[in-house]
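Here's the structure we're looking at; comments come further down.
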Amino acid sequence: MAGESTLSWGTQGNTQARAACPQPCLFVVLVRDKPGACSSRHLLTGLDTVFVGRARAHGYSRQKIDGQHALSLGFPDRWISSQHARLVRSFDKWVLEDSGSRNGTLVNGARVQRMALADGDWIEVGHVFLLFRESVAWWEEDLPDLDSTRLAPPTRALATLIPSLDRLFCLLQQVAGSQVTVMIRGETGTGKELVAQAVHGLSKRSGSFIPVNCGALSDTLLQSELFGYRKGAFSGATTDRLGLVRSADGGTLFLDEIGDLPLDSQVAFLRVLQENQVTPVGASLPVSVNFRTCAATHRDLDDLVKAGQFRNDLLARLSGFSVHLPALRERKEDLGILIGSIVSRLVADGKAQPAISAEAARALLAYSWPLNIRELEKCLATALVIADQGRIGIEHLPDSVRGLPEPGSPATEGAVAPSSSSVPKDERRRQMLLVLLKEHKGNLSSISRMIGKAPAQIRRWLKRYGIDAEKFREPKKSIF
């Protein structure tokens, strides 16, 4: 099977297109043997069935079978049966069914025979992890099937399978060649500086990319650090110094964490942005500079303005094109692409990317990544060192990612730590049970038929996780 369409960067359609409509999608996020190599996105609207099975090569195809519209996903994985599983549309729900596979089908780490999917469910077949999304912002001109190998972004920082984020990055590419100021918002660690570097690269400006940590600028050093100084301007000024602003002449000045800039220092920045001139310490005349401004912050600048902690005129000067980078927990669809990109940069030259064990993959996908891409990169860098560039196992991941309490925390005092693989699996099973209890209104027999487990086993799980099924059952109606 093979995809029928190819994609070049920026061909996702006219940026003036009509508004998006929410649509169900299936994402192939991670193949454990080749992290990041086989990620893809597939629109489910208009389909009746999705077949998942083994094939000679990774690919997909759409066809009409007996009047039914079907999508076939194939993977060259010997752990996947030729007819492994299928997704069937049932009214407004998508139901996953195992097709009698030898190694079974898992949802959120638990083996199932048949199960109605909920938004964010992880499907595991062989060494492949898929993510079901019930509602994805979708535009009419977006391709129904998109393979990450056909993405051609100008930099890895702008690679994504999420339609809304892809459109934003396409607009950013158009803006990059202009003088428009770019404001990048997002939580710490979401890759704001990487996007700023991408803007600089796309701008084709001949000068340098100069980052400025605004939170580290003190009032006493502001003038000399930013604007430079003349020889002899003060004790210790033995040579002329350009300063950060003049170093960015012809290039890009990146104001990182602009929301942390002291209020008194904001006036100096405002003057520079307004006049494109700086006066070095010890000089009598200003010097003209030509730079592109990019700024980034994890704080809400509008709230800071209302609180009197940020100048409204400076915010207006910085407010050109705004980019909001989602937290990693909000873009799990791209986790495989990000893992593959990070690992490829970290592995030794000439070596293939290492595989990831099932337990490690489940932990990586289940973790919420509070520190975002930066935390993911540190996690993988450490894991590769401990694994000595070999397969990454659950034992190579930090305790936080494995779901274990931090050493010395109250949860660990006087307690015996569970096995490294049981905690993530237990948590996913617990979440699955909560979803099923809500969907089936506490009916254990119905849940038993859905996942192919005996009612006694389900009751043992409920007792183990302290879940009261009675709370999910509808109250009996009075006959009076």
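- A donor-acceptor contact shorter than 3.5 Å links the side chain of Asn108 to the backbone of Trp122.
- Taking both residues in full, the closest heavy atoms of Gly259 and Leu304 are given as O-CD1, 3.8 Å, listed atom of the first, atom of the second, then distance.
- Phe209 and Phe254 have parallel rings, their planes meeting at less than 30° on a 0 to 90° scale where 60° marks the start of perpendicular.
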Next on the checklist: As a quick check of understanding, evaluate side chain to side chain contact (heavy atoms under 4.5 Å, CB included) for Phe472 and Ile467, giving each step before the final call.
Outcome noted: CA-CA 10 Å; Phe472 295 86; Ile467 301 174; 4.1 Å; yes
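- The minimum heavy-atom distance linking Thr190 with Ala327 is given by the pair CG2-CA, 4.0 Å.
- Electrostatic pairing of Lys192 and Asp256 does not count as a salt bridge here, judged by no charged N lying under 4.0 Å from a carboxylate O.
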Item to check | Trace of the side chain to side chain contact (heavy atoms under 4.5 Å, CB included) decision for Tyr367 with Leu376 | outcome: CA-CA 10 Å; Tyr367 187 55; Leu376 174 65; over 6 Å; no
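- Going from atom CZ of Arg86 over to atom CD of Glu97 covers 4.5 Å, rounded to the nearest 0.5 Å.
- For the atom pair Leu71 CG and His42 NE2, the distance stands at 6.0 Å (nearest 0.5 Å).
- Within the 4.5 Å cutoff, the side chain of Leu151 has heavy atoms near those of the Leu146 side chain.
- Distance check, rounded to the nearest 0.5 Å: CG of Leu47 to CZ of Arg89 gives 8.5 Å.
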Next on the checklist: Show, in sequence, the C-alpha distance, side-chain angles and deciding distance for Thr297 and Leu255, and conclude whether the side chain to side chain contact (heavy atoms under 4.5 Å, CB included) test is met.
Outcome noted: CA-CA 9 Å; Thr297 181; Leu255 305 177; over 6 Å; no
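- Side-chain atoms of Gln457 and Arg460, non-hydrogen and from C-beta on, do get closer than 4.5 Å to each other.
- The side-chain heavy atoms of Asp147 and His58, taken from C-beta on, include a pair separated by under 4.5 Å.
- Using a 3.5 Å distance cut-off with no hydrogens or angles, the side chains of Asp48 and His69 do not pair a donor with an acceptor.
- Between Met115 and Asp121 the shortest side-chain heavy-atom distance falls below 4.5 Å.
- Here Glu141 pairs with Arg167 in a salt bridge; the nearest charged N to carboxylate O distance falls below 4.0 Å.
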Checklist entry - Could you go step by step and tell me if Leu328 and Leu335 meet the side chain to side chain contact (heavy atoms under 4.5 Å, CB included) rule? => result CA-CA 8 Å; Leu328 184 52; Leu335 201 52; 3.9 Å; yes
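- With hydrogens and angles ignored, the 3.5 Å screen pairs no side-chain donor or acceptor of Trp138 with any backbone N or O of Pro24.
- Scanning all heavy atoms of the two residues, the minimum distance from Gly104 to Ser101 falls at N-OG, 3.0 Å.
- The shortest non-hydrogen separation linking Ser322 to Arg185 is OG-NE, 3.4 Å.
- A salt bridge is absent between Asp145 and Arg41: the closest approach of a Lys/Arg side-chain nitrogen to an acidic carboxylate oxygen does not fall below 4.0 angstrom.
- Rounding to the nearest 0.5 angstrom, the gap separating the NE2 atom in His396 from the CZ atom in Arg391 is 8.5 Å.
- Taking the side chain as every heavy atom from C-beta outward, Leu437 and Leu462 approach each other to under 4.5 Å.
- The side chain to side chain contact (heavy atoms under 4.5 Å, CB included) with Phe321 is formed by just one residue from the set Thr181, Leu172, Val199; it is Leu172.
- A donor-acceptor pair under 3.5 Å is absent between the side-chain atoms of Arg331 and the main chain of Pro326, judged by distance alone.
- Shortest non-hydrogen contact noted between Trp94 and Leu87 is CZ3-O, 3.7 Å.
- Taking all atoms of both residues into account, the shortest heavy-atom contact from Ser90 to Val95 is CB-CG2, 4.1 Å.
- Ser39 contributes a side-chain N or O that, together with a main-chain N or O of Val29, makes up a donor-acceptor pair within less than 3.5 Å.
- A donor-acceptor pair under 3.5 Å links the side-chain atoms of Asp119 to the main chain of Glu134, judged by distance alone.
- Between the Lys332 side chain and the Leu365 main chain, a donor and an acceptor come within less than 3.5 Å of each other.
- Residues Glu124 and Arg111 form no side-chain contact, since every pair of their non-hydrogen atoms from C-beta on lies 4.5 Å or further apart.
- Judged by distance alone, with hydrogens and angles left aside, the side-chain atoms of Arg205 form no donor-acceptor pair with the main-chain N or O of His200 at under 3.5 Å.
- For the atom pair NE2 of His324 and CG of Leu165, the computed distance is 10.5 Å after rounding to the nearest 0.5 Å.
- By the 4.5 Å heavy-atom criterion applied to side chains, Leu301 and Met183 are counted as neighbours.
- Using modelled atom types, one side-chain atom of Arg292 and one backbone atom of Ala176 make a donor-acceptor pair closer than 3.5 Å.
- When side chains are defined from C-beta on, Leu43 does not count as touching Asp142, because their heavy atoms never get closer than 4.5 Å.
- Using modelled atom types, no side-chain atom of Arg54 and backbone atom of Asp77 make a donor-acceptor pair closer than 3.5 Å.
- Using a distance-only test at 3.5 Å, with no hydrogens or angles considered, no donor-acceptor pair links the side chain of Ser341 to the main chain of Leu338.
- From Thr188, atom OG1 reaches atom CD1 of Ile373 across 12.5 Å, with rounding to the nearest 0.5 Å.
- Annotation for Trp461: atom CH2 counts as buried by contact number, over 12 foreign heavy atoms lying within 6.0 Å.
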